[in-house]
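The residues of the chain are indexed from 1 along the displayed sequence.
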Amino acid sequence: MVTVEKHGIILSPTDREFENNGVLNPGIYQDGDIVHILYRAVENGNLSTIGYAKTEGPFKIVERNEQPLITRDFDYEKHGVEDARIVKIEDTYYITYTAYDGINAMGALATSKDLIHFEKHGIITPQINYQEYERYMLCCGSKLNPKYHHYYRLFDQLGLENDEFRYLRDKDLTFFPRKINGKFAMLHRIWPGIQIVYFDHWTDLTKSFWEHYLENLIDYIVLDPEGIFEVNYIGAGGPPIETSDGWLMIYHGVQETSTGAIYHAKAALLQLDKPEVEISRLNTPLFSPTKQWEIEGEVNDVVFPTGHALFGEDLYIYYGAADKHTAVVKMNINEVLNELKIQS
């Protein structure tokens, strides 16, 4: 049994133009008692940048910037810099985010040495259109979960699959917090599952790299949807947490109901040396939308976990609530791991 304490909203929209519509889906980096929060700031018109706040301990806001930390600088992100995740490997911070140009939502990368100055490295997910993607799905044959074909057919039914410049939707990127077998490891989400990619340097992630990857996509799937709480699709949350039992991965699952989609927070355990191997996952959500600020917002019925901080055994999970606010829950990490081991 996992006891979850909802501590409520810690960040809300303000009157500042860049964040007057939503403050959500925060990337989290913990440095001792300090928690750095890189949140998605949404202004009217659904234009997003990344804002910055800092806490002492899990809740106490001691700093909040009055201007965006990461702005929309290039055409590939002209409508949105969204949903950052952050790790630090050696002396470099790696910030992955969704770049939205008004049509395409794809994964991008920025790096920093100080969380003040950022160098953007562009799109790192497949810049492959849906006609090309269909050919790669066929390479995987019947071994590929039918839901991958289902999401392709949705674009087909909308008449979008023939758009040469509509690229494969790939979001929810997060690096593992250390290299695995000498390589960077990154989770990403091509509907409907969560996949993993290994590379020596982000410049390796070329179109030819991704073409070979997609031809063998079945080999890189970490999790596919299972059960009613993730029947639609799933996506990675914050960076996986290394434990002696394996990588603890917090992710979201989307349930379809008669009144619309519900986003839940879920948990799974992955092998340490080969995280594409699932050890176990919880059958039921860690937590779900139950509070007013989670049920009603810009998008109703959403808890969207994107980062964490660990104070002793207390695991604080930071999440977007109804696409409006940033909130936090607390649980004991050992309770989570014990539940996962029971179900393994």
Side-chain angles (χ1 to χ4, degrees), residues 27 50 70 72-78 80-101 103-113 118-137 139-140 144 148 164-223 235-240 247 249 270 274-276 306:
I50 301 298
I70 304 176
R72 303 184 303 274
D73 301 314
F74 301 99
D75 282 347
Y76 63 80
E77 59 189 10
K78 62 186 178 182
V81 176
E82 305 175 352
D83 301 354
R85 274 78 157 181
I86 179 172
V87 301
K88 187 178 185 183
I89 300 176
E90 298 172 350
D91 65 346
T92 302
Y93 296 96
Y94 296 87
I95 300 95
T96 48
Y97 63 94
T98 297
Y100 180 52
D101 66 3
I103 297 174
N104 296 300
M106 297 185 290
L109 174 68
T111 55
S112 177
K113 297 291 187 180
F118 297 86
E119 181 180 2
K120 291 185 176 178
H121 304 286
I123 301 297
I124 60 170
T125 52
Q127 295 185 61
I128 289 171
N129 64 38
Y130 277 85
Q131 295 177 65
E132 296 171 298
Y133 178 51
E134 182 186 28
R135 295 197 297 270
Y136 302 129
M137 283 194 299
C139 293
C140 296
L144 196 63
Y148 287 83
E164 181 183 355
F165 300 106
R166 185 175 295 275
Y167 295 123
L168 181 62
R169 190 179 181 89
D170 197 343
K171 301 177 65 176
D172 299 325
L173 277 66
T174 183
F175 279 37
F176 281 74
R178 66 167 174 84
K179 291 183 178 181
I180 298 175
N181 301 317
K183 292 182 176 290
F184 289 104
M186 183 180 76
L187 298 174
H188 63 119
R189 198 279 305 283
I190 298 171
W191 270 337
I194 299 171
Q195 302 86 30
I196 192 169
V197 60
Y198 296 99
F199 52 93
D200 293 313
H201 193 272
W202 61 82
T203 55
D204 298 339
L205 301 175
T206 61
K207 184 173 182 179
S208 61
F209 176 98
W210 284 116
E211 287 171 343
H212 182 265
Y213 179 95
L214 292 171
E215 287 174 352
N216 299 278
L217 184 62
I218 190 69
D219 297 330
Y220 305 109
I221 295 172
V222 177
L223 297 180
W247 293 104
M249 182 175 70
L270 312 175
K274 197 174 183 182
E276 58 267 36
T306 46

How long is the straight-line distance from [atom2] of [Y] back to [atom1] of [X], given to the nearest 0.5 Å?
X      : Y      : atom1 : atom2 : value
Tyr133 : Arg169 : OH    : CZ    : 13.0 Å
Ile124 : Thr96  : CD1   : OG1   : 7.0 Å
Glu82  : Arg72  : CD    : CZ    : 10.0 Å
Ile50  : Ile95  : CD1   : CD1   : 9.5 Å
Ile194 : Leu270 : CD1   : CG    : 8.5 Å
Met186 : Ile196 : CE    : CD1   : 9.5 Å

Please tell me if the side chains of [X] and [Y] come closer than 4.5 Å, counting only heavy atoms from C-beta onward.
X      : Y      : result
Lys120 : Tyr97  : yes
Ile180 : Trp247 : yes
Tyr76  : Gln127 : no
Leu187 : Gln195 : no
Tyr198 : Glu276 : yes

At their closest point, which heavy atom of [X] faces which heavy atom of [Y], and how far apart are they?
X      : Y      : answer
Ala108 : Leu173 : N-CD2, 4.3 Å
Glu77  : Ala99  : CB-CB, 4.0 Å
Arg85  : Gly238 : CG-CA, 4.2 Å
Pro126 : Asp170 : CD-OD2, 3.3 Å

Taking only residues two or more places apart in sequence or in another chain, which ones pass ring pair (Phe, Tyr, Trp, His ring centres under 6.0 Å) with Phe199? Phe175, Phe184
Under 3.5 Å, side chain of [X] to main-chain N/O of [Y], donor-acceptor pair present?
X      : Y      : answer
Asn181 : Lys274 : no
Asn104 : Tyr167 : yes
Arg178 : Phe176 : no

Could you walk me through whether Ile190 and Leu214 pass side-chain contact (heavy atoms from CB on, under 4.5 Å), step by step? CA-CA 10 Å; Ile190 298 171; Leu214 292 171; 3.8 Å; yes
With a cut-off of 3.5 Å and sequence neighbours excluded, list every side-chain donor-acceptor pair involving residues 86-94.
{"unit_1": "Asp91", "atom_1": "OD1", "unit_2": "Lys113", "atom_2": "NZ", "d": "3.1"}
{"unit_1": "Asp91", "atom_1": "OD2", "unit_2": "Lys113", "atom_2": "NZ", "d": "3.3"}
{"unit_1": "Thr92", "atom_1": "OG1", "unit_2": "Lys113", "atom_2": "NZ", "d": "2.8"}

Do the rings of Trp210 and Tyr213 sit parallel, tilted or perpendicular, given the 30° and 60° boundaries? perpendicular
Please say whether more than 12 non-hydrogen atoms of neighbouring residues, nucleotides or ligands are located less than 6.0 Å from NE2 in His212. no
After noting the C-alpha distance and the side-chain angles of Thr125 and Leu168, does the key distance pass the side-chain contact (heavy atoms from CB on, under 4.5 Å) rule? CA-CA 9 Å; Thr125 52; Leu168 181 62; over 6 Å; no
Contact list for residues 187-214, test salt bridge (Lys or Arg N to Asp or Glu O under 4.0 Å), sequence neighbours left out: Glu132-Lys207, Asp172-Arg189, Lys183-Asp200
Should Phe165 and Asp101 be marked as a side-chain contact (heavy atoms from CB on, under 4.5 Å) after you check the CA-CA gap, both sets of side-chain angles, and the distance that decides it? CA-CA 11 Å; Phe165 300 106; Asp101 66 3; over 6 Å; no
